[in-house]
Amino acid sequence: MYRSTVSVGHGGGRRRTNSAAKKGKRDFEEVPSKVTSPSLSQKKCSSVEPSPHPVKMFPDLKITRRKFPETSGLNPKTKAKKKINKPFKPKLPKKKFVRPSLSAQLGSIMSKTDDLTNTIRKLGGLEIKEQALLDISSRNFIVGKLTSKFPSMVHFYLDRCTYEFFHPFEKKQISMVMFYRHMVEVQLSSSRRELQFRIPHKLIQFPDDYNPSSQKLSIFFNSSLDLEKVRKVVLPKIVMNNGSLM
């Protein structure tokens, strides 16, 4: 009796020897294949259990799907919005804030100050101070050869106008009181915004700087609006007090 042997490789399996193959006999010996132990990664993968479905974990959870309106073959995310034709509304120009002039602001402050002063004098039993018809800030003053160093407020009353003249060379402030009845050759210049007049007698504070026969006094205003106020309010008072216009 012939012996047949089976050689087993590393991969396992079986193989017939040459002696058995020659005799035509098939005598095999089954040899178990080499079993390899699973790797660490395979153990980890086999130990992880699949997560349950959210519905099973939360039975009260309801999954709803968003419903899009029916479109004509367009993706609802990329659907163009329909343009609504709104009625045409013309754009109106914005109203610009017009700040009042400096003279208007100072005039309102002076009038409020005069009202407060008269109220205090009335409560104290004193004579009420005369209130001016018009309070306007000036730009400059001229008396003969001299030009005032600083401007001041001009107060127009029923029979006179008053203002402060700051001497350009001497450290003194002269209170000017110009009565309408002494004014001659009165004229208003819109281009220069100027009230010009002549006093036909000498001025005590200006003995060498003012010649009453040829020189004049001038009051310059900041705006044409102030000049129009003088034209409407002051000129009629000058005429009523026998002043002469040019």
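Worth saying up front: this structure is predicted, and the values here are computed from it rather than measured.
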Under 3.5 Å: donor-acceptor pair, side chain of [X], backbone of [Y]:
X      : Y      : value
Ser152 : Glu164 : yes
Ser138 : Phe221 : no
Tyr157 : Ala132 : no

Co-membership, hydrophobic cluster, residues [X] and [Y], 4.5 Å side-chain:
X      : Y      : answer
Val154 : Leu235 : yes
Phe179 : Val233 : no
Ile142 : Ile199 : no
Val177 : Ile238 : no

Looking only at heavy atoms, which two atoms of [X] and [Y] are closest? And how far apart?
X      : Y      : value
Asp208 : Lys145 : O-NZ, 4.0 Å
Pro168 : Lys149 : CA-CB, 4.1 Å
Pro212 : Pro200 : CB-C, 3.9 Å
Met153 : Tyr163 : O-CB, 3.5 Å
Arg198 : Glu185 : NH2-OE2, 3.2 Å

Problem - Side-chain H-bond candidate by donor/acceptor type, Ser189 with Gln196, under 3.5 Å - result: no
Problem - Donor + acceptor pair across side chains of Thr147, Asn140 (<3.5 Å) - result: no
Problem - Phe165/Phe206 aromatic ring centres below 6.0 Å - result: yes
